[in-house]
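Shown next, in structure tokens, is the structure this report addresses.
Positions are given from 1 along the sequence.
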Amino acid sequence: MSKGVETDLTQTEGDPGGRADVLCELQKQEVEVRLPGGGRVRATSEAPVRAPGSIASAMVQLSLAGVIPGLGVGLLSSMLSASAELALVVAAGMYVLVMGSGVALMVREQRRRP
């Protein structure tokens, strides 16, 4: 975990009052899943970028994005009568590729921000 940065507001803002408004970047995420029966499941969150809730929401979205190509490989392998082991290895490889690249992008963006 990174250490917090301590800023003395009296040097930049003069004499601060009893209330300070913290400027932080908020990230809004929406996830909506449509079910086959016509139902919908919707979740929204608005939190600071580095908050655990935002990171968890991003990881759930990455997990879903990694599972979808794996399901496609499973359907394609069943239609082509491919071996189950090969289909499982390819699906797992695609999942690891999507998750790894997504996490790498998240880490790179976190390091880039001041």
Exercise. For the residue pair M94 and P69, what are the closest heavy atoms and their distance?
Worked result: CE-CB, 3.3 Å
Problem set entry | CG-OH distance between L71 and Y95, expressed to the nearest 0.5 angstrom | 11.5 Å
Exercise. Between V67 and M106, is there a shared hydrophobic cluster once you connect ILVMFWY residues whose side-chain heavy atoms come closer than 4.5 Å?
Worked result: yes
Exercise. Are L88 and L80 co-members of a hydrophobic cluster defined by side-chain heavy atoms under 4.5 Å apart?
Worked result: no
For this session: Please test V33 against R42 for side chain to side chain contact (heavy atoms under 4.5 Å, CB included), starting from the C-alpha separation and ending with a verdict.
Result: CA-CA 6 Å; V33 178; R42 187 175 188 179; over 6 Å; no
For this session: Please check if L86 and V73 belong to a single hydrophobic cluster, counting links between Ile, Leu, Val, Met, Phe, Trp and Tyr side chain heavy atoms closer than 4.5 Å.
Result: yes
Exercise. So which heavy atom on A87 is nearest to which on S77, and how close?
Worked result: CB-OG, 3.3 Å
Exercise. Are L64 and V103 connected in a single hydrophobic cluster, I mean Ile/Leu/Val/Met/Phe/Trp/Tyr linked by side-chain heavy atoms less than 4.5 Å apart?
Worked result: no
Exercise. Do V107 and M99 sit in the same hydrophobic cluster, where Ile, Leu, Val, Met, Phe, Trp and Tyr count as joined when their side-chain heavy atoms come under 4.5 Å apart?
Worked result: yes
